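As structure tokens, the structure follows; a few thoughts come after it.
Note that the structure is a prediction, hence the values are computed from the model and not measured.
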Protein chains: 2
Amino acid sequence: MLKIGQLADKFAIKTDTLRFYEKHGLLAPSIRGANGYRLYNDKDEAKLRFILRAKSVGFSLNEIHELLSIELDKSHWVCADVKTLVDNKLLEIQKKLLELTKFEASLQSLSNACCGGPDSAEHCSILEALEDPHVDK
Amino acid sequence: MLKIGQLADKFAIKTDTLRFYEKHGLLAPSIRGANGYRLYNDKDEAKLRFILRAKSVGFSLNEIHELLSIELDKSHWVCADVKTLVDNKLLEIQKKLLELTKFEASLQSLSNACCGGPDSAEHCSILEALEDPHVDK
DNA sequence: ATAAACCTTAGAGTTAGATACAAGGTCAAT
DNA sequence: ATTGACCTTGTATCTAACTCTAAGGTTTAT
């Protein structure tokens with residue numbers, strides 16, 4: 001049985017974060033002490049590990065909520081349900097990757113075009129590229 | 001001279017966005033009509049184009065603010081100043097790319113491990129991977 | 001002249017995920 | 001018995017970039 005501070009320390013998070021997760025329906029301690037203190041057992045700890053691991057692969061708290069409702073009632077779900085969540089997330093991540101890759105390419109070409117030296121910025125090719133009314137998007 | 005709605009339409013943004021940019025010191029119309037209406041001239045329009053183009057390569061509004069203060073007073077800056085902004089942004093984008101690439105790889109391997117079929121989720125390898133107390137991070 | 005479409009301001013709400021603060025109760029050690 | 005570390009609740013704040021609402025004034029077309 002761990003108190004909130006002990007569990008937080010164990011997973012290198014803040015007590016505030018645990019209360020936040022509780023308020024948002026992700027993880028409530030199984031019991032409270034007579035003094036009202038939150039007490040977390042091994043199952044709670046496993047659930048927290050699940051949450052943090054899901055976070056570490058990019059799931060949002062809302063998505064983790066969905067994952068948890070499956071996790072806690074596995075027999076009513078099938079593999080396809082779980083895989084769909086993962087694949088949707090994958091698509092989302094890939095979309096973001098695409099956008100960032102475009103940003104990267106644009107920035108790189110701006111950077112390459114600029115001398116980066118002590119010359120006045122009056123003819124800086126970066127600024128010119130951003131100004132130019134002929135190039136769009 | 002364009003009214004706020006006309007300029008907004010021209011660039012496919014909302015009038016709210018233009019007021020927002022004004023409030024945040026990015027773009028104020030050169031003049032106001034006798035009725036108090038905002039009136040944007042060609043220079044304002046060019047500035048908006050600059051802002052939107054900077055946004056399209058990934059700069060935040062704060063960063064665009066910096067870029068604009070250079071753009072509007074070029075002679076007091078040198079290429080190195082501009083290039084530094086671009087290169088810092090580039091590093092930031094690359095850092096995000098790295099994180100998302102890790103997410104992608106993790107999700108992909110979760111997805112690959114799962115049959116995705118109509119079998120009960122009780123032995124779903126995705127859930128097992130997220131549960132497993134032995135694998136960390 | 002009246003309705004639709006436009007404009008003004010100030011200020012509140014949204015999303016996500018915390019993070020901080022205030023006012024107070026509890027516990028362990030000295 | 002008192003200090004300090006811990007816990008409780010509720011509420012507020014933060015970032016970013018809008019987005020929306022309210023209450024009202026203006027323009028344009030019919």
Residue pair B/Ile31, B/Asn41: steps toward the side-chain contact (heavy atoms from CB on, under 4.5 Å) verdict: CA-CA 8 Å; B/Ile31 31 173; B/Asn41 63 20; 5.7 Å; no
Side-chain donor/acceptor of B/Asp73 to backbone N/O of B/Ile70, under 3.5 Å: no
N or O in side chain of A/Arg19 less than 4.0 angstrom from C/dA20 OP1/OP2: no
Full working for side-chain contact (heavy atoms from CB on, under 4.5 Å) between B/Phe59 and B/Lys89: CA-CA 7 Å; B/Phe59 284 108; B/Lys89 191 69 197 179; 3.7 Å; yes
Heavy-atom donor-acceptor pair, B/Asn112 side chain to B/Gln108 backbone, under 3.5 Å: yes
Between C/dA18 (P) and A/Phe11 (CZ): distance, integer Å: 15 Å
Terminal helix-axis angle for the helix from C/dA1-D/dT30 to C/dT30-D/dA1, with five pairs defining each axis and rounding to 10 degrees: 20°
Between D/dG25 (C1') and B/Arg32 (CZ): distance, integer Å: 14 Å
Length of the line joining A/Ile4:CD1 and C/dT26:C1', which is rounded to integer Å: 15 Å
Gap between atoms CD and P, on B/Gln6 and D/dT28 respectively (whole Å): 10 Å
Check: B/Leu2 and B/Leu39 side chains under 4.5 Å, non-hydrogen atoms: no
Output one line per pair: protein atom, nucleotide atom from nucleotides 17-22 of chain D, and distance, for all N/O pairs under 3.5 Å.
{"residue": "D/dA17", "atom": "OP2", "partner": "B/Leu61", "partner atom": "N", "Å": "3.3"}
{"residue": "D/dC18", "atom": "OP2", "partner": "B/Tyr21", "partner atom": "OH", "Å": "2.8"}

Test item: A/Phe50 and A/Leu26 side chains (from C-beta on) under 4.5 Å apart, heavy atoms: no
Side-chain donor or acceptor of B/Glu63 paired with backbone N/O of B/Ser60 under 3.5 Å: yes
B/Asp132 side chain reached by A/Arg53 side chain, heavy atoms, under 4.5 Å: yes
Nearest-angstrom distance from the residue atom CD of A/Glu92 to C1' of C/dA16: 13 Å
Beyond-backbone contact of B/Leu61 with B/Ile64, side-chain heavy atoms, under 4.5 angstrom: yes
B/Lys74 atom NZ: more than 12 heavy-atom contacts under 6.0 Å: yes
Stretch residues 34-47 of chain B: residues that reach within less than 4.0 Å of DNA chain C through a heavy atom: B/Gly36, B/Tyr37, B/Arg38
Any donor-acceptor pair under 3.5 Å from A/Thr17 side chain to A/Ile13 backbone: no
Length of the line joining A/Leu18:CG and D/dC6:C1', which is rounded to integer Å: 15 Å
